[in-house]
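These notes concern the structure reproduced below.
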Amino acid sequence: MREAPVDTLLFAQQALRSRFDDFLQAFKRNDRPALHVALVDFEEQFQRWTETEEKTLVPALIRNGIPGRDPQRELRLEYVQIRELTLYLVRQLDEGIRAHDLAGFVENLDRRLRAHESEMERIYYPAARTMLMPEEWSILKSARPE
């Protein structure tokens, strides 16, 4: 079965969520080595994917416009907040802080990520269906986390 282009975006988001859920599970088990590995993996994949979205998806959304939305400002803010909070957690773990002392930050990151996922699913990914050119779909597909 051939993958629909918009599925590329949804599959990427699901892959990132799966990585984040691995981190949450390790956090709940207080498995520090797994916690660190999962968080670093999530951070690297999220960084790579959102950089690709910023270079392909966001320009297409700006080019075609979405009434009442400013995709460049909104998505840039979300990307930066999630990236910075993730990097903060990585740094804290690297410095040896007890994982459970980060519970509030972990909950905050989960809330922000869920809000971002919801907005992408409801607004931006459906809009992208008709806005992205074939070469942009190809770029996104090749950058998609598995």
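Excluded from the calculations below are hydrogen atoms, water molecules and symmetry mates; all remaining heavy atoms, backbone and side chain alike, are included.
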Notebook entry, point to check: What heavy-atom pair brings L132 and T56 nearest, and what distance separates the two atoms?
Noted result: CD2-O, 3.8 Å
Next item on the list: Could you grab the distance from atom CD of E43 to atom CZ of F23, nearest 0.5 Å is fine?
Entry: 12.0 Å
Note to self: Side-chain heavy atoms nearer than 4.5 Å, only ILVMFWY residues, links allowed to pass through others: does that put F46 and F105 together?
What the structure shows: yes
Check: Counting only N and O atoms by type, is there a donor-acceptor contact under 3.5 Å from the side chain of E74 to the main-chain atoms of D70?
Finding: yes
Notebook entry, point to check: Any chance CD of Q72 has more than 12 other-residue heavy atoms, nucleotides or ligands included, within less than 6.0 Å?
Noted result: no
Check: Any side-chain heavy-atom pair from D7 and Y125 closer than 4.5 angstrom?
Finding: no
Next item on the list: Apply the test side-chain contact (heavy atoms from CB on, under 4.5 Å) to residues Y79 and H116: give CA-CA distance (whole Å), side-chain angles for both, the deciding distance (0.1 Å), then the verdict.
Entry: CA-CA 9 Å; Y79 294 151; H116 172 71; 3.5 Å; yes
Next item on the list: May I ask whether Y88 and L113 are part of the same hydrophobic cluster, defined by side-chain heavy atoms of I, L, V, M, F, W, Y residues being less than 4.5 angstrom apart, directly or through others?
Entry: yes
Check: Do side-chain atoms of R48 reach the backbone of P145 as a donor and acceptor pair under 3.5 angstrom?
Finding: no
Check: Do you know the tightest heavy-atom contact between N64 and A60?
Finding: ND2-O, 2.8 Å
Note to self: So does I82 get a backbone contact from the side chain of T86, meaning a donor-acceptor N/O pair under 3.5 Å?
What the structure shows: yes
Item checked: Under the ring-ring contact (aromatic ring centres under 6.0 Å, His included) test, residues paired with Y124 that sit two or more places apart -> none
Notebook entry, point to check: Is there a side-chain contact between L140 and E53 (heavy atoms, below 4.5 Å)?
Noted result: yes
Note to self: Could you measure the distance from the CH2 atom of W49 to the CD atom of E54? Nearest 0.5 Å is fine.
What the structure shows: 12.0 Å
Item checked: Criterion side-chain contact (heavy atoms from CB on, under 4.5 Å) on D21 and F42, from CA distance to verdict -> CA-CA 9 Å; D21 286 346; F42 169 77; over 6 Å; no
Item checked: Spacing of CE belonging to M120 relative to CD belonging to E117, to within rounding of 0.5 Å -> 10.5 Å
Note to self: side-chain contact (heavy atoms from CB on, under 4.5 Å), that's the test. Do L61 and L75 meet it? Break it down for me.
What the structure shows: CA-CA 11 Å; L61 296 170; L75 293 178; 4.0 Å; yes
Note to self: Please report the interatomic distance CG(L109) to CZ(R83), rounded to the nearest 0.5 Å.
What the structure shows: 13.0 Å
Item checked: L35-L24 co-clustered via ILVMFWY side chain contacts under 4.5 Å -> yes
Note to self: When you measure from the side chain of R32 to the backbone of L93, do you find a donor-acceptor pair of N or O atoms at a distance under 3.5 Å?
What the structure shows: yes
Next item on the list: Look at the side-chain heavy atoms of Ile, Leu, Val, Met, Phe, Trp and Tyr, link any pair under 4.5 Å apart, and say whether V90 and V80 land in one connected group.
Entry: no
Margin query: Distance check, rounded to the nearest 0.5 Å: F20 atom CZ versus Q45 atom CD?
Written below: 15.0 Å
Margin query: Within this structure, what is the CG-CZ distance for the pair D22 and R17, rounded to the nearest 0.5 Å?
Written below: 11.0 Å
Notebook entry, point to check: Looking only at heavy atoms, which two atoms of R112 and Q81 are closest? And how far apart?
Noted result: NH1-OE1, 2.8 Å
Check: Is I139 reachable from L10 through a run of hydrophobic residues whose side-chain heavy atoms are each under 4.5 Å from the next?
Finding: no
Next item on the list: Report the C-alpha distance between H36 and D94 in whole Å, list the side-chain angles of each, state the deciding distance to 0.1 Å, and finish with yes or no for side-chain contact (heavy atoms from CB on, under 4.5 Å).
Entry: CA-CA 8 Å; H36 192 267; D94 285 346; 2.5 Å; yes
